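This is a predicted model, so every value here is computed, not measured. Lettering follows sequence order; numbering is per chain, from 1. Computation of the quantities below employed the complete heavy-atom set of this structure, encompassing side-chain atoms and omitting hydrogens, waters and symmetry-equivalent molecules.
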Amino acid sequence: MKITLKDGSVKEYSQPMSVMDIAMDISQGLARAACAGSVNGETVDLRTVLDKDCELSILTFEDEAGRAAYRHTASHVLAEAVKQLYPQAKLAIGPSIDTGYYYDFDCESFSREDLDKIEAQMKKIIKEGKELEKFTLPREEAIQFMEERQEPYKVELIRDLPKDAVISFYRQGDFVDLCAGPHLMSTKPIKAFKLISSSGAYWRGNEKNKMLTRVYGTAYTKKEELKAYLDHLEDIKKRDHNKLGREMELFTTVDVIGQGLPLLMPKGVSIIQTMQRWIEDEEEKRGYVRTKTPLMAKSDLYKISGHWDHYKEGMFVLGDEEKDKEVFALRPMTCPFQYYVYKASQKSYRDLPLRYGETSTLFRNEESGEMHGLTRVRQFTISEGHLIVRPDQMDEEFKGCLDLARYCLRTLGVEEDVTYRLSKWDPDNSEKYIGDAAVWEETQDRIRKVMHELEIPFTEEVGEAAFYGPKVDIQAKNVYGKEDTMITIQWDALLAEQFDMYYVDQNGDKVRPYIIHRTSMGCYERTLAWLIEKYAGLFPTWLCPEQVRVLPISEKYSDYANKVLQQLRDNGIKATVDLRAEKIGYKIRETRLQKVPYMLVVGQKEEEEQKVSLRSRYLGDEGMKGLSEFIDEICKEIRTKEIRKIEVEEKAKS
RNA sequence: GCUUUCGUGGCUCAAUGGUAGAGCACUUCACUCGUAAUGAAGGGGUUGUGGGUUCGAUUCCCAUCGAAAGCUCCA
């Protein structure tokens, strides 16, 4: 048999060989690093015996699938340790994940001390360096085997496997786990691992099921890599918007005001205001008209829209249908309000497309565990818009929305940080949606076509659509890797019917328009959170709540400092002055810590020459300069929304 | 909503079943200063809230509100 290796070389063997044997034949080093194999592109266990010609790569920790096998074995070590320390614990599942692995147990929850004990036990197990042995059992025997071992979750998993599936197990010493693999040959190579945390998780991810205890861990081949990862976890906490945003006085929360109701403070408002003005102006350039519609409506409206049936528990309802003549609800979206703006007069095909925009405050009654900083809140403001278009204009208008969204992302400097997702309906769950299958398939095809034409890479996700249509969601990850929707563009061929919207075509017939629901940028609160984390608080100058601070050397130069300040403000620059009787070093330190991009130091020299000494976070001390020259430069930077690279090292805050 | 953890001056944190302490910040005074912390003095907490146990609770128990991580959810 001929084995073609990654580098193109060919090995010939006269008898069947396991992947591990081949690795050993190539080199001892490779055999030591081997985690799994890849045969004709398919990941296999090191124990897999090859008997036909094929292409083989030996996967190590450097390969994604190899890393997964390595960490999966670490999760088995975790499970073995838990079973040794807590024999009554029942095993559920324990896969590898991006950042490591986890294992779910049905048992008492673990404290940090418990995790430390488990870690120590894992060390012992690894030191013993037990071999992992793979074996398979027929279905009935597999069930019986796990029943004898009193593992009800494993029994359930086996019962759900296809009838003809080969059921494999891995054994290390006394510990046996149902597992498809692949795994390392022994527990010995696991060099650097750490249990990160413990939390609850529902069995099979269903909240109706029992809550199990999940232990998260990670594992690396080198101690330094593990340390680097743990340091990274500490580091990202510093950019966490929920911490940094409060520290920088962008927002705060107050117990008595309520969950999910952050208070935006002056600096936070400044950033949001800047973005809002920019977006509103940009939309106007692109032919949008603006509406301003009520924050609440009678229940009747939501009954027409379908929200009363599909989304009532997510709304803040004012009043009681049993007792009150009128029941109101705070709006969770703007759609129907703008539809009634459309319906206020009769429309011709010549009027379309109509692009309505509104800076719209919405209310959603999220469950108490869902709220988070500025990213999941109960009241938020969004650059919401609805385009009422003729069916034949739909593709072009949809493209226009994507173009606007991408312009916004580009300008904010986050274009590279997003992924695009086509969110489709779930045909197996059709009662969650309105309209029939044909409409859904057609609109999904048309969105796909648009995305291909624009050459935007995207993934597809079943069951993520709105109840009235499929959509393109633009997703971003926060510092912890958790994904959120930043921008959404939704294709709606159905709601016009619900609201009896129409236009009159060339023939004088009434025709249903299509609707695009879209945001040009995510909600302002969430976008602010995203930018805080993206820039670690060092926002591009045009977004900074304070762009320049004037620092007089002593109180003697207050008058000149005030004069400089006034000129900056006259030019629309967000500037302040620090007139306190402090030393210049102190004022500079404070200004840097508050992340103000530019400082203008003024003293005797500057006053005599009518200049300023510039110090920026970009280049540090830049020396004396004419004030108008500086104003020209910064105004240009602000006008072009430039994202300047920060060259000056931030000194640690001690 | 569920599991776990947490809640001490504006912020970061310390402490003990026996009348709460530090640093930063704040206020006042002195210094009038040249590129990351000038010095001194002072004010500020019924330890999230409400109960209970106890001679005594900030510490132990219960409830409640809020926060963090994860799960579920996100029209």
Side-chain angles (χ1 to χ4, degrees), chain A residues 102 104 108-112 114-115 196-216 237 240 242-243 246-247 249 252-261 302 305-315 332-333 335 362 364-373 375-376 423 432-434 464-469 471 473 480 482-485 488 490 517 551-558 580-593 599-606 613-615 620-624 648-654:
Chain A
Y102 69 81
D104 287 348
E108 296 288 295
S109 56
F110 296 129
S111 65
R112 184 64 242 182
D114 296 332
L115 293 184
I196 304 289
S197 62
S198 163
S199 69
Y202 299 108
W203 167 237
R204 305 203 126 176
N206 186 333
E207 63 179 325
K208 294 197 175 66
N209 289 342
K210 182 160 184 187
M211 177 144 299
L212 308 175
T213 301
R214 175 171 297 179
V215 177
Y216 283 94
K237 275 186 203 152
D240 180 348
N242 208 5
K243 190 169 187 303
R246 289 169 201 269
E247 260 170 37
E249 299 189 341
T252 188
T253 49
V254 177
D255 285 9
V256 293
I257 289 175
Q259 278 190 308
L261 298 169
Y302 305 109
S305 68
H307 285 82
W308 203 253
D309 292 331
H310 284 94
Y311 193 63
K312 192 172 170 199
E313 67 295 343
M315 292 197 288
M333 36 70 225
C335 337
L362 305 180
R364 298 183 184 186
N365 194 1
E366 304 284 359
E367 288 187 290
S368 70
E370 308 307 333
M371 262 75 74
H372 176 77
T375 53
R376 276 296 278 283
S423 298
K432 275 177 69 182
Y433 307 90
I434 57 175
E464 293 287 340
F467 71 80
Y468 43 75
K471 54 184 178 160
D473 289 318
Y480 298 107
K482 206 167 171 172
E483 199 175 78
D484 260 318
T485 301
T488 180
Q490 311 178 346
H517 309 235
L551 307 178
I553 296 283
S554 85
E555 288 173 289
K556 280 195 275 182
Y557 313 106
S558 293
R580 292 174 306 169
E582 296 289 352
K583 282 171 75 174
I584 192 67
Y586 180 82
K587 292 183 184 180
I588 286 171
R589 178 185 152 80
E590 207 169 68
T591 312
R592 296 278 282 145
L593 291 177
M599 287 172 241
L600 298 180
V601 176
V602 295
Q604 192 183 357
K605 277 187 290 180
E606 288 78 6
S613 282
L614 174 61
R615 189 188 164 106
D621 191 348
E622 298 183 39
M624 283 235 275
V648 178
E649 276 286 305
E650 283 301 297
K651 283 195 192 169
K653 199 176 186 176
S654 56

If the C1' atom of B/A22 is compared with that of B/U47, how far apart are they to the nearest Å?
-> 16 Å

Look for any protein N or O under 3.5 Å of an N or O in nucleotides 68-74 of chain B and output each such pair with its distance, or none.
from  : atom 1 : to       : atom 2 : distance (Å)
B/A68 : OP1    : A/Asn242 : ND2    : 2.3
B/A69 : OP2    : A/His372 : ND1    : 3.2
B/G70 : O3'    : A/Tyr216 : OH     : 3.1
B/G70 : O2'    : A/Ser199 : OG     : 2.9
B/G70 : O2'    : A/Tyr216 : OH     : 3.3
B/C71 : O4'    : A/Gly200 : O      : 3.4
B/C71 : O2'    : A/Tyr202 : N      : 3.0
B/U72 : O2'    : A/Glu207 : OE2    : 3.3
B/U72 : O2     : A/Glu370 : OE2    : 3.3
B/U72 : N3     : A/Glu370 : OE1    : 3.4
B/U72 : N3     : A/Glu370 : OE2    : 2.8
B/U72 : O4     : A/Glu370 : OE1    : 2.9
B/C73 : O2     : A/Glu370 : OE1    : 3.3
B/C73 : O2     : A/Arg376 : NH2    : 3.0
B/C73 : N3     : A/Glu370 : OE1    : 3.1
B/C74 : O2     : A/Arg376 : NH1    : 2.7
B/C74 : N3     : A/Arg376 : NH1    : 3.4

How far does OH of A/Tyr202 sit from CG of A/Asn209, to the nearest 0.5 angstrom?
-> 10.0 Å

How long is the span from the CD atom in A/Glu366 to the CD atom in A/Gln259, to the nearest 0.5 Å?
-> 11.0 Å

Round to the nearest Å and state the distance from A/Asn209 atom CG to B/U3 atom P.
-> 15 Å

Can you check whether A/Asp104 reaches A/Trp203 side chain to side chain, under 4.5 Å on heavy atoms?
-> no

Rounded to the nearest 0.5 Å, what's the gap from OH on A/Tyr302 to CE on A/Met333? Could you check?
-> 5.5 Å

In whole Å, what is the span from the NZ atom of A/Lys243 to the C1' atom of B/C11?
-> 10 Å

When you match A/Gly258 and A/Met333 each to their closest nucleotide on RNA chain B, which lands nearer the 5' end?
-> A/Gly258

Ring pair (Phe, Tyr, Trp, His ring centres under 6.0 Å) with A/Trp308: which residues, sequence neighbours excluded?
-> none

Side chain to side chain donor-acceptor pair (under 3.5 Å) filter on A/Lys312, not counting sequence neighbours, yields none

If you measure from CD on A/Glu590 to CZ on A/Arg580, what distance do you get to the nearest 0.5 Å?
-> 4.5 Å

Could you tell me which residues satisfy side chain to side chain donor-acceptor pair (under 3.5 Å) with A/Tyr216, sequence neighbours excluded, listed by chain and number?
-> A/Arg214

What distance, rounded to whole Å, do you find between the two P atoms, one in B/G44 and one in B/A68?
-> 32 Å

Take atom C1' in B/C60 and the same atom in B/C71, then report the distance between them in whole Å.
-> 31 Å

If each of A/Ala466 and A/Leu212 is mapped to the nucleotide of RNA chain B with the nearest heavy atom, which maps nearer the 5' terminus, i.e. the 5' end?
-> A/Leu212

B/S/- contact track for nucleotides 26-34 of chain B, protein heavy atom under 4.0 Å = S----BBBB

Any side-chain heavy-atom pair of A/His517 and A/Lys471 under 4.5 Å | no

Taking Watson-Crick and G-U wobble contacts under 3.5 angstrom, with | marking pairs to another strand and [ ] crossing pairs, the secondary structure of RNA chain B is written (((((((..((((....[..)))).(((((.......))))).....(((((..]....))))))))))))....

Taking the same atom, P, in B/G17 and in B/C11, what whole-Å distance lies between them?
-> 26 Å

Flag the pair A/Tyr468 / A/His307 as yes when their ring centroid distance falls below 6.0 Å, and as no otherwise.
-> no

Results of side chain to side chain donor-acceptor pair (under 3.5 Å) for A/Glu367 - residues two or more places apart only = none

Output all residues satisfying salt bridge (Lys or Arg N to Asp or Glu O under 4.0 Å) with A/Lys243, sequence neighbours left out; order by chain, then residue number.
-> A/Glu247

To the nearest angstrom, the CD-C1' distance between A/Gln259 and B/U64 comes to 13 Å

Whole-angstrom distance between B/U58 and B/U19, as gauged at atom C1' = 12 Å

If we take the P atom in both B/C6 and B/A15, what is their distance in whole Å?
-> 14 Å

Output the distance between atom NZ (A/Lys210) and atom CZ (A/Arg204), rounded to the nearest 0.5 Å.
-> 16.0 Å

In whole angstroms, how far is the C1' atom of B/A67 from the CG atom of A/Leu261?
-> 15 Å

Who passes side chain to side chain donor-acceptor pair (under 3.5 Å) against A/Lys237, sequence neighbours left out?
-> A/Glu234

Can you find a heavy atom in the side chain of A/Leu614 that is under 4.5 Å from one in the side chain of A/Leu600?
-> yes

Rounded to the nearest angstrom, tell me the gap between atom CD1 in A/Ile257 and atom P in B/G66.
-> 12 Å

Mind checking the P distance from B/G50 to B/A36? Whole angstroms is fine.
-> 49 Å

Determine the interatomic distance between P on B/G9 and the same-named atom on B/U3; round to the nearest Å.
-> 28 Å

Between the CD1 atom in A/Ile257 and the OG1 atom in A/Thr252, the distance rounded to the nearest 0.5 Å is 8.5 Å

Protein-proximity profile, nucleotides 39-44 of chain B, B/S/- by nucleotide at the 4.0 Å heavy-atom cutoff, equals ------

Partner set under side chain to side chain contact (heavy atoms under 4.5 Å, CB included) for A/Lys587, not counting sequence neighbours | A/Leu551, A/Pro552, A/Asp578, A/Glu582

Which atoms of nucleotides 7-10 of chain B (N or O only) lie under 3.5 Å from a protein N or O atom, and what are those distances?
none

Within this structure, what is the OH-to-C1' distance between A/Tyr102 and B/U3, rounded to whole angstrom?
-> 15 Å

